[in-house]
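Just so you know, these numbers use all the heavy atoms, side chains as well, and skip hydrogens, waters and symmetry mates. The shown structure was predicted, so the numbers you read here are calculated from the model rather than taken from an experiment.
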Amino acid sequence: KRQSIISSVLLYIGVAFGFVNMIILLPWALGSEKNFGFYSLLLTVGTTIALIIQLGMPNTTVKYFPYFMEKEKRHNGFFSFISAVPILGMLVVFPLLFFLKEPIISHLGEAGGEDMVRSFYWLFLLFSVFIAYFNIYQSYANSLLKSAVPFFLRQIGVKLGTALLCVLLGFGHITLAWFFYLLVSLFLIQVIAMLFYLNQTGDLSWKIDFSRWFKLYSKILFPRYYC
């Protein structure tokens with residue numbers, strides 16, 4: 001209940017920050033419809049790619065984590081599993097995105113300016129990786145009933161960081177290119193913060209007990225034999 005109340009408060013604060021960013025700070029700092037269009041495109045495309053490469057791990061975590069949840073055994077290495085799966089998604093999706101780079105740039109350039117899309121094409125990929133991993137780790141934390149910290153990072157951290165970057169760009173302290181580099185870096189910081197938090201709570205482990213996993217998967221796939 002306490003986590004729920006905190007998350008609700010953070011949600012309202014996050015909405016306020018988001019409103020100020022979208023209506024006031026971003027249009028002022030970016031200075032043109034082309035730049036703002038690329039900002040929107042980066043968020044949209046990065047999020048879409050992330051949804052693909054994470055291979056359904058957030059939903060998988062919610063559904064199957066209870067079978068592996070054992071605090072004293074660091075949850076049987078479930079964290080390692082959900083961290084490894086997106087790599088498979090990247091191995092499939094990223095080569096396609098490189099192979100289809102020119103037609104993709106041509107298509108996306110209609111919304112965000114072809115020259116900008118070409119210059120920052122690799123940022124879309126980096127951005128998607130950071131979003132995918134944060135989505136997965138947030139789902140993992142939520143399954144542990146520890147939602148306040150990831151919710152703060154998503155609703156407050158990134159939006160506050162974006163506001164700061166807007167101020168720096170608007171007053172000429174950073175270039176437009178560095179604005180986008182640092183913007184994507186905010187999402188990397190989110191992931192690092194989640195790793196630190198989960199390690200501090202004792203819920204992060206890179207080891208997998210494969211014999212234990214075999215028994216647990218057998219229980220999931222053939223539940224009637226374990227009744």
Side-chain angles (χ1 to χ4, degrees), residues 14 17-18 20-22 25-55 57-58 83-138 150 153-196:
F17 271 119
V20 172
N21 285 347
M22 291 299 294
L25 291 178
L26 282 164
W28 165 68
L30 294 175
S32 70
E33 290 186 9
K34 177 183 176 181
N35 293 341
F36 189 82
F38 180 78
Y39 168 82
S40 300
L41 188 68
L42 178 63
L43 296 184
T44 302
V45 174
T47 301
T48 301
I49 298 173
L51 290 174
I52 298 172
I53 65 174
Q54 66 192 26
L55 298 178
M57 279 299 99
S83 296
V85 169
I87 297 175
L88 298 177
M90 285 182 256
L91 290 175
V92 173
V93 174
F94 284 2
L96 289 174
L97 294 177
F98 278 111
F99 180 74
L100 299 172
K101 179 178 178 180
E102 290 305 319
I104 291 174
I105 289 175
S106 178
H107 177 71
L108 295 180
E110 298 175 4
E114 187 170 330
D115 55 333
M116 292 190 70
V117 174
R118 185 179 300 279
S119 298
F120 296 108
Y121 189 75
W122 62 275
L123 272 186
F124 289 98
L125 308 185
L126 272 181
F127 188 48
S128 68
V129 172
F130 301 151
I131 292 176
Y133 273 104
F134 183 78
N135 288 343
I136 292 168
Y137 294 159
Q138 181 178 26
L153 292 171
R154 182 183 290 275
Q155 292 297 327
I156 307 296
V158 166
K159 292 175 182 178
L160 187 59
T162 301
L164 176 60
L165 293 179
C166 285
V167 172
L168 292 175
L169 177 62
F171 285 107
H173 296 298
I174 59 174
T175 63
L176 182 65
W178 272 103
F179 171 84
F180 288 117
Y181 296 150
L182 293 173
L183 178 69
V184 172
S185 297
L186 291 176
F187 291 83
L188 170 60
I189 293 171
Q190 268 192 325
V191 175
I192 294 173
M194 281 300 300
L195 290 173
F196 178 79

d(Ile136 CD1, Met57 CE) to nearest 0.5 Å is 7.0 Å
Which heavy atom of Leu183 sits nearest to which heavy atom of Tyr39, and what is that distance? CD2-CE1, 3.6 Å
Flag the pair Phe187 / Phe127 as yes when their ring centroid distance falls below 6.0 Å, and as no otherwise. yes
Whether Phe98 and Tyr121 hold their rings parallel, tilted or perpendicular, with breakpoints at 30° and 60°: perpendicular
Using side-chain heavy atoms (C-beta onward) and a distance below 4.5 Å, is Leu51 in contact with Thr48? no
Of all the heavy-atom pairs spanning Val92 and Pro95, show the shortest one and how long it is. O-CD, 3.6 Å
Point-to-point distance, once rounded to the nearest 0.5 Å, from CD1 of Ile49 to CE of Met90: 12.0 Å
Which pairs count as salt bridge (charged side-chain N to carboxylate O under 4.0 Å, His left out) when at least one residue sits in residues 85-102, sequence neighbours excluded? Glu102-Arg118
Does any non-hydrogen side-chain atom of Phe130 lie less than 4.5 Å from one of Ile189? no
Would a 4.5 Å heavy-atom cut-off, applied to side chains only, mark Ile104 and Val45 as touching? no
Just by modelled atom types, is the Leu125 backbone N or O under 3.5 Å from a matching donor or acceptor in the Ser128 side chain? yes
Atom CG of Leu91 and atom CG of Leu96: how far apart are they, to the nearest 0.5 Å? 11.5 Å
Answer whether the closest heavy-atom distance between the side chains of Tyr133 and Leu195 falls below 4.5 Å. no
Closest non-hydrogen atom pair between Leu26 and Phe36, with its separation: CB-CE1, 3.8 Å
Give the table of side-chain donor-acceptor pairs shorter than 3.5 Å for residues 156-181, with sequence neighbours excluded, one pair per line with atom names and distance.
from: Lys159; atom 1: NZ; to: Gly14; atom 2: O; distance (Å): 3.1
from: Lys159; atom 1: NZ; to: Gln155; atom 2: OE1; distance (Å): 3.2
from: Thr162; atom 1: OG1; to: Val158; atom 2: O; distance (Å): 2.8
from: Thr175; atom 1: OG1; to: Trp178; atom 2: N; distance (Å): 3.2

CG of Leu100 to OG of Ser106: how many Å apart, nearest 0.5 Å? 12.5 Å
Considering all heavy atoms of both residues, which atom of Ala193 and which atom of Leu153 are nearest to each other, and what is their separation? CB-CD1, 3.8 Å
Between Pro27 and Asn21, which heavy-atom pair has the shortest distance, and what is it? CD-O, 3.7 Å
Do Val184 and Leu42 have side-chain heavy atoms sitting under 4.5 Å apart? yes
Between the OG1 atom in Thr44 and the CZ atom in Phe124, the distance rounded to the nearest 0.5 Å is 9.5 Å
Here the gap from Met116 atom CE to Asn35 atom CG, rounded to the nearest 0.5 Å, amounts to 4.5 Å
Closest contact, heavy atoms only, Pro150 versus Phe134: O-CZ, 3.4 Å
